[in-house]
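Working notes, structure below.
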Amino acid sequence: MPFKTAVSGLQAASADLKVIGNNVANVSTTGFKSSRAQFADVYAASVLGSSSTAIGSGVRLADVTQEFTQGTISFTNNLLDMAINGQGFFRLSDAGSTVYSRAGNFHVDKDGFIVNSTQQRLTGYLADNNGAVTGQLGDLRIDASNIDPQATARVDAALNLDANSVAPALPWGGPFAYGDPPPDPDSYNFATSLSVFDSLGNSHELSLFFAKTGANAWDVHTLADGVTVGASPAGTLQFNDDGTIDTGTSQIDITGWQPLGLDGQPNGAAVQDLTARLTNTTQFGSEFGVNALAQDGFTTGRLAGIDVDASGLMFGRYTNGQSKPLGQVALANFANPQGLQPTGDTAWGESFASGPPLVGAPGSASLGVVQSGALEESNVELTAELVNMILAQRNFQANAQTVSTADAVTQTILQLR
């Protein structure tokens with residue numbers, strides 16, 4: 001009697017309903033991948049094969065496969081939320097073991113590690129103290145400590161000194177000390193200032209004064225917080241007859257600068273040397289102008305925010321205007337992603353069927369890119385799942401009807417006299 005065959009059909013339809021129900025239940029689960037039940041028929045067979053008149057013995061659940069298609073990317077207000085656009089998985093450390101996930105809802109724990117809701121740590125390529133990303137894989141951590149100040153060592157300036165200028169009416173006033181009045185405007189033609197920093201991160205005003213001394217020749221005097229630094233003049237600029245600077249005179253070396261405090265006394269910062277490069281300075285017949293003015297120092301700063309670019313590189317933004325890499329997210333891919341073993345919490349583990357992980361930076365090889373401030377939604381198509389649910393229900397009803405029919409036949413046999 002076909003009871004066994006019908007029961008196998010009931011079990012298969014029930015398994016199909018379970019898979020569909022799990023998909024529907026996770027329609028809003030971030031990074032979830034839908035599953036599909038696959039079935040195979042059952043035949044009684046020997047080593048020599050089955051008979052040409054053999055009748056099947058029902059159906060069995062052959063496999064439950066997962067569909068790793070791309071889910072819809074939705075944007076959030078959390079910059080540490082990350083979505084993978086393309087192939088690959090986030091690499092997570094789960095108490096020492098490595099698991100993989102497409103769910104990128106991350107935050108920072110009390111120790112500064114980037115973790116998900118189950119405290120699995122996001123791993124990637126670590127950065128050294130200078131902000132250089134190394135090839136070492138480890139748990140990514142946000143260093144919230146203040147960035148150290150950097151003393152100014154180089155000043156770059158690009159100006160135009162008016163070729164029609166005449167020499168100042170008064171000579172330069174000589175070395176200036178703390179508390180002296182500022183230089184007489186009649187002792188120079190032009191001046192410009194910028195902020196520079198000492199080794200403690202204190203800001204000081206460095207002023208450059210330009211006084212024409214002859215045809216195509218200009219003296220440069222330098223003052224820091226109103227005090228003469230270096231020689232006086234610190235250097236002399238020579239210009240060619242086409243208005244371009246003689247590059248041999250374009251560098252002004254300021255040596256032995258002792259930073260002072262508000263009381264005019266040394267503030268404890270190191271004595272430092274500065275180099276002012278005026279390579280792109282010109283002497284044309286037009287008004288004085290400052291085209292570029294920059295320096296390489298900065299004060300201390302605290303972490304103000306984090307940015308993650310498409311390559312997974314995490315930049316820390318600091319209150320002093322600086323930024324530096326804090327690490328880079330690493331992605332992993334597999335030769336056979338469907339061979340991964342589900343471990344729960346929207347994560348998978350490596351298996352023999354999946355093959356070893358291929359780890360790399362986002363956007364490299366076959367790996368997708370990272371979208372910061374976004375999450376990948378479940379790839380479950382709810383409409384399709386509801387249709388599949390109706391079909392599975394009909395299959396269950398049909399197999400139940402087979403049981404009822406077989407029961408009726410059995411009753412007829414038992415009533416034979």
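All values below come from the heavy atoms of this structure, side chains included, with hydrogens, waters and symmetry mates left out.
- In the model, Thr255 has no side-chain atom that pairs as donor or acceptor with a side-chain atom of Asp253 under 3.5 Å.
- Asp109 is listed as a side-chain neighbour of Gln119, based on a closest heavy-atom distance under 4.5 Å.
- For Asp81 and Thr76, the side-chain atoms include at least one donor-acceptor pair closer than 3.5 Å.
- Proximity of Phe334 to Trp348: side-chain heavy atoms (C-beta onward) are nowhere separated by under 4.5 Å.
- Between Phe190 and Phe288, the ring-plane angle classifies as parallel under the 30° and 60° cut-offs.
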Donor-acceptor pairs are to be reported for all side-chain atoms of residues 151-161 against protein atoms at under 3.5 Å, with residues two or more places apart or in another chain.
from   : atom 1 : to     : atom 2 : distance (Å)
Thr152 : OG1    : Phe197 : N      : 2.9
Thr152 : OG1    : Gln295 : OE1    : 2.5
Arg154 : NE     : Asp156 : OD1    : 3.1
Arg154 : NE     : Asp156 : OD2    : 2.9
Arg154 : NH2    : Asp156 : OD1    : 3.2
Asn160 : OD1    : Thr282 : OG1    : 2.8
Asn160 : OD1    : Phe284 : N      : 3.0
Asn160 : ND2    : Ser286 : O      : 3.3
Asn160 : ND2    : Ser286 : OG     : 3.1
Asn160 : ND2    : Glu287 : O      : 3.2

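- Between Tyr188 and His221 the shortest side-chain heavy-atom distance does not fall below 4.5 Å.
- By the 4.5 Å heavy-atom criterion applied to side chains, Val227 and Leu260 are counted as neighbours.
- Partners of Arg394 by salt bridge (Lys or Arg N to Asp or Glu O under 4.0 Å), not counting sequence neighbours: none found.
- Inspection of the Asn78 and His107 side chains reveals no N or O donor paired with an N or O acceptor under 3.5 Å.
- Neither side chain, Asn291 nor Asn280, offers a donor N or O lying under 3.5 Å from an acceptor on the other.
- Atom CD of Glu205 is separated from atom CG of Leu223 by 9.5 Å, given to the nearest 0.5 angstrom.
- Residues forming a ring-ring contact (aromatic ring centres under 6.0 Å, His included) with Phe113 (at least two apart in sequence, or on another chain): none.
- A distance of 11.5 Å separates CD of Gln371 from CE of Met82, quoted to the nearest 0.5 Å.
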